Amino acid sequence: MDKNDNYWWYITASADAGSDDVLFSLADISGSIGTELQELPEGGARIRMYYRNSEPLSHWKKKFTDAMGDWASVAIEDFGKIENQPWNVASEEAFPPLPVGKGLVVLAPWHKGKEPKDRMPLYINPGCAFGTGYHESTQIVLELLEAHIKPVMTTADIGTGSGILTIGALKLGAAKAYARDIDPTVIEEVRKNFVLNELDLSKIDLCTGDLLKDFGHTTDILTANILLDPLTSMVADVPAVIGKDGLAIFSGMLEKERPVFMKSLSAASMEPVQELVKGDWWGVAAKVKA
């Protein structure tokens, strides 16, 4: 991997009028560390998304095209390399402290020491992986986790991305946390975020994993902030992990996808406990039917 920080990759995409939120969501899901949005005179919008050079451009293009699958109106216009930009300054402006829920605040590392006194800080290096906290779907899970977690619970985060949900769980009192991601390249970045938050690493079981295949553990709370297809593939395996008294929190889905997932939830003998909507995004806390 090229460790030269003097350049960044970019991808430029456009979409129809009224699609600004979609473009920003795709940027976040694909791992962008910053964006510039331009409203087009003829209608519609164009977004330029910046990515770290720690991965080849083909890696980021694949993440973006995978994410844009459900939005036919989004098109990639061009891509390439930007050199010698004052990116650290732009990043600081792009990631201000973000209050979440009743008592959490998501902070980039350069804001450490500026935490609101009445909120618990979750430090995340923006752009390291999906789940910076600035995306609505991540905020949905954090709010539901804050509402339902109790001290000394055990948690599992499937598709951990940046590790933010595991960080939130442990800071909210979890005694043990399992974190899994199918992408081995994110594991080291996740570990850096754990260290940044001064977590007790002995409480965390972090490794690669394909959803719940070969998981082999039981937990009080399971979180999964991924996309509809992997969620529907996994949901049937969730009751065996959380048991009759546990809770699962699912997000990463558009509100319009709710009916599809609710059918899968019911088929897995699970029922909703609480639902949240933010922007176009939807999430649900669910338990096994009695």
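On a predicted model such as this, the values are computed, not experimentally measured, just so you know.
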* Applying side-chain contact (heavy atoms from CB on, under 4.5 Å), run through I76 and T65 and close with a yes or a no. => CA-CA 9 Å; I76 294 177; T65 53; 3.7 Å; yes
* Residues W60, Y51; criterion ring-ring contact (aromatic ring centres under 6.0 Å, His included); working and verdict -> CA-CA 7 Å; W60 302 116; Y51 300 86; 5.2 Å; yes
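Side-chain N/O atoms of N125 and K192 include no donor and acceptor closer than 3.5 Å. For the 3.5 Å distance criterion, the side chains of E36 and Y50 qualify, holding a donor opposite an acceptor. In summary, the side chains of N225 and S137 do present a donor paired with an acceptor at a separation below 3.5 Å, with no hydrogens or angles considered. Side-chain contact annotation: T160 with D157, donor-acceptor N/O pair under 3.5 Å present.
Note that the CG atom of L265 and the CZ atom of R258 stand 9.5 Å from one another [nearest 0.5 Å]. In this structure, the separation between CD1 on I149 and CG on L247 is 10.0 Å, given to the nearest 0.5 Å. Going from atom CE of M234 over to atom CG of L212 covers 5.0 Å, rounded to the nearest 0.5 Å. Going from atom CG of D181 over to atom OG1 of T208 covers 9.0 Å, rounded to the nearest 0.5 Å. Taken to the nearest 0.5 Å, the OG atom of S14 stands 11.0 Å off from the CD1 atom of I47. Interatomic distance, OG1 of T12 versus CG of D78, reported as 4.0 Å (0.5 Å rounding).
In summary, of the residues considered (V100, L276, I249), a side chain to side chain contact (heavy atoms under 4.5 Å, CB included) with I140 occurs for L276 alone. Looking at T138, N193, V141 one by one, the single match for side chain to side chain contact (heavy atoms under 4.5 Å, CB included) with I164 turns out to be T138.
Residues L122 and V105 have side chains not in contact (no heavy-atom distance under 4.5 Å, counting atoms from C-beta outward). Between P99 and R119, some side-chain heavy-atom pair lies under the 4.5 Å cut-off. Contact check for V284 versus L144: no side-chain heavy atoms found under the 4.5 Å cut-off. Contact annotation: the side chain of V74 never approaches that of D16 to less than 4.5 Å [non-hydrogen atoms, C-beta and beyond]. Side-chain atoms of T223 and L145, non-hydrogen and from C-beta on, do get closer than 4.5 Å to each other. Within the 4.5 Å cutoff, the side chain of K171 has heavy atoms near those of the L199 side chain. Proximity of E136 to S25: side-chain heavy atoms (C-beta onward) are separated by under 4.5 Å at one or more points.
Pairs engaging residues 230-249 under the ring pair (Phe, Tyr, Trp, His ring centres under 6.0 Å) rule: none recorded [sequence neighbours left out]. Within the structure, ring pair (Phe, Tyr, Trp, His ring centres under 6.0 Å) contacts touching residues 269-290 (residues at least two apart or in different chains) are H135-W281. For residues 253-274, every residue pair satisfying the ring pair (Phe, Tyr, Trp, His ring centres under 6.0 Å) rule, not counting sequence neighbours, is listed here: F250-F261. The side-chain hydrogen bond (donor to acceptor under 3.5 Å, both in side chains) contacts involving residues 143-154 comprise E143-K278, H148-Q274, where partners must be two or more places apart or lie in separate chains.
Here E188 pairs with R191 under the side chain to side chain donor-acceptor pair (under 3.5 Å) rule; sequence neighbours left out. For D205, the salt bridge (charged side-chain N to carboxylate O under 4.0 Å, His left out) test picks out R180, with sequence neighbours left out. Residues satisfying the side chain to side chain donor-acceptor pair (under 3.5 Å) test with D280, not counting sequence neighbours, are none. Listed by chain and number, the residues in a ring pair (Phe, Tyr, Trp, His ring centres under 6.0 Å) with F215 are Y178, H217 (sequence neighbours excluded). Looking at residues two or more places apart in sequence or on another chain, you find a salt bridge (charged side-chain N to carboxylate O under 4.0 Å, His left out) between E77 and R46. Under the rule for a salt bridge (charged side-chain N to carboxylate O under 4.0 Å, His left out), the partners of K62 that lie at least two apart in sequence or sit in another chain are D66. Not a single side chain to side chain donor-acceptor pair (under 3.5 Å) links T166 to another residue, sequence neighbours left out. Every residue was checked against the salt bridge (charged side-chain N to carboxylate O under 4.0 Å, His left out) condition with K61, not counting sequence neighbours, and none meets it.
A donor-acceptor pair under 3.5 Å is absent between the side-chain atoms of S266 and the main chain of M262, judged by distance alone.
Within 6.0 Å of the NZ atom in K213, the count of heavy atoms belonging to other residues, nucleotides or ligands does not exceed 12.
Put simply, I167 and V152 are part of two different groups of oily side chains (I, L, V, M, F, W, Y) that touch within less than 4.5 Å, one to the next.
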